[in-house]
Every structure is written in structure tokens, then in C-alpha cells.
Amino acid sequence: MDDELHERIRAVITDVPVGTVATYGDIAALSGAPSPRMVGRVLAEDGHDLPWHRILRANGTPAPHLAHEQLARLRTEGVLADEQRVNLRKYRWQAATDDTGDGPEGLF
DNA sequence: TGTATGACCCTAA
DNA sequence: ATTAGGGCCATAC
């Protein structure tokens, strides 16, 4: 039964903090889903009570039909986005990353 | 049993 | 930036 998986995916999505976003791939990995497609399916079927607006695609763009709604909701939560894309660099939810932040990364 | 579809992801041209 | 192709997993017909 993938009911357990179904619930686990929901749980991970619920765990995403306000003001942050996550990708389908991340949710899949954290929840142990075999594929990101499952995450999408769960959201489509039973994501009505979940913060689905915090879930974006790997490149930072939301799903085509919900794009407008998502960006609007995210903006309400404090996540500023371009007309099309969200800065994952800044808003991506990094679950318990051990990154001390002292790395010489030149990203900005 | 096989094909088609979907709130996906990655690589290449 | 955009299109195309392959891989991915579960459902529906």
C-alpha cells in the first residue's frame, strides 16, 4: 500500500516552513517517494489542505495552471518572486543542512 | 497486456 | 531562452 507513502509525502509538505519553498524532487527525496511524479499526483489528488503553493518545480517555476495563484500566495508569505520564477537560491527550504555558511561560495 | 496521461527531472542541441 | 528525447512511477481505460 502506498497509503503510508501518501501520508509521508503530505507530512513533509506540511513541514515546509512559512516563507520558504521546496521542489517536487526535494519532497520526494525527503519523503522517500520513488519519483517526484508521486508528489505531484498526491498534491493533485489530496493537496487541498496542504501548503501546495510552497512546492515548485526544479527550476523554480511553479506548475503552469497554478502559476498565478502560487506566486500570489507566496508573495503573501513574504516570498518575492519574478513574474515567472522564484529564487530558489534564497527561498529553497534546506532541511537541516549542515552548511556552516563559511564556504567560499561566490553565489549571491 | 498494452497504451496514454500527469501539479516531474535531467541532459543535449 | 526554447524544443526534443529519455527516464521516472502510479492510474485509468
Side-chain angles (χ1 to χ4, degrees):
Chain A
M1 315 296 222
D2 52 348
D3 283 356
E4 185 179 320
L5 176 60
H6 190 105
E7 288 301 318
R8 200 154 52 238
I9 291 174
R10 294 181 47 131
V12 173
I13 294 172
T14 306
D15 271 347
V16 178
V18 179
T20 64
V21 296
T23 70
Y24 291 89
D26 284 356
I27 300 299
L30 291 171
S31 64
S35 167
R37 279 198 181 275
M38 294 311 310
V39 179
R41 202 185 81 76
V42 170
L43 278 173
E45 203 169 298
D46 201 20
H48 51 79
D49 331 25
L50 299 172
W52 52 270
H53 51 268
R54 297 188 197 142
I55 311 303
L56 303 167
R57 298 202 286 195
N59 57 341
T61 62
H65 48 285
L66 297 169
H68 184 76
E69 182 76 18
Q70 287 216 270
L71 294 177
R73 282 183 174 232
L74 288 173
R75 190 169 53 240
T76 314
E77 293 191 349
V79 177
L80 303 185
D82 273 330
E83 195 56 43
Q84 245 176 32
R85 194 189 308 216
V86 175
N87 289 334
L88 289 180
R89 279 306 181 148
K90 200 171 160 82
Y91 296 107
R92 188 177 198 219
W93 174 46
Q94 298 180 248
T97 47
D98 208 43
D99 186 358
T100 53
D102 61 357
E105 61 273 1
L107 60 81
F108 65 92

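Just so you know, these numbers use all the heavy atoms, side chains as well, and skip hydrogens, waters and symmetry mates. Proteins come first, then strands; the chains are lettered A, B, ... in the order of their sequence lines, and each starts at number 1.
When rounded to the nearest whole Å, the span between NE2 of A:His6 and P of C:dT11 equals 10 Å. Distance, A:Arg41 CZ to B:dC9 P: 17 Å, rounded to whole Å. When rounded to the nearest whole Å, the span between CG of A:Asp3 and C1' of C:dT11 equals 14 Å. Between the CG atom of A:Leu5 and the P atom of C:dC9 there is a distance of 12 Å, given to the nearest Å. Rounded to whole angstrom, the span from the CG atom of A:Asp46 across to the P atom of B:dG6 amounts to 20 Å. Between the CZ atom of A:Arg57 and the P atom of B:dC10 there is a distance of 12 Å, rounded to whole Å. Atom pair A:Glu45:CD and C:dT11:P shows a separation of 8 Å (rounding to whole Å applied). Rounded to an integer number of Å, the gap from A:Met38 CE to B:dT5 P is 19 Å.
A:Ala44 comes within contact range of at least one nucleobase, with a heavy-atom separation under 4.0 Å. No engagement by A:Arg54 is indicated, since no non-hydrogen atom pair under 4.0 Å with the nucleic acid exists.
In A:His68, the NE2 atom is not crowded: 12 or fewer heavy atoms of neighbouring residues, nucleotides or ligands sit closer than 6.0 Å.
To the nearest 0.5 Å, atoms OH (A:Tyr91) and CG (A:Leu74) are separated by 9.5 Å. Rounded to the nearest 0.5 Å, atoms CG (A:Leu43) and NE2 (A:His53) are 11.5 Å apart.
The side chain to side chain donor-acceptor pair (under 3.5 Å) pairs that include a residue from residues 78-88 of chain A number zero, where partners must be two or more places apart or lie in different chains.
Hydrophobic clustering (ILVMFWY, side-chain heavy atoms < 4.5 Å, transitive): A:Trp52 and A:Ile27 are in one cluster.
Here the nucleotide nearest the side chain of A:Trp52, chosen from C:dA1, C:dC8, B:dA7, is B:dA7. In the set C:dA1, C:dC9, B:dA7, C:dC9 carries the atom at the smallest distance from any side-chain atom of A:Pro34. The listed nucleotides are B:dC9, C:dC9, C:dA1; the one nearest the side chain of A:Ala58 is B:dC9.
The gap from the P atom of B:dA7 to that of C:dG6 amounts to 22 Å, rounded to the nearest Å.
Heavy-atom distances under 4.0 Å link DNA chain B to A:Tyr24, A:Gly25 of residues 17-29 of chain A, given in residue order.
Of the charged side-chain nitrogens involved, none lies within less than 4.0 Å of a carboxylate oxygen, so that A:Arg73 and A:Glu77 do not count as a salt-bridged pair.
Of the possible polar contacts, one joining the A:Arg54 side chain to the A:Val16 backbone as a donor-acceptor pair under 3.5 Å is found.
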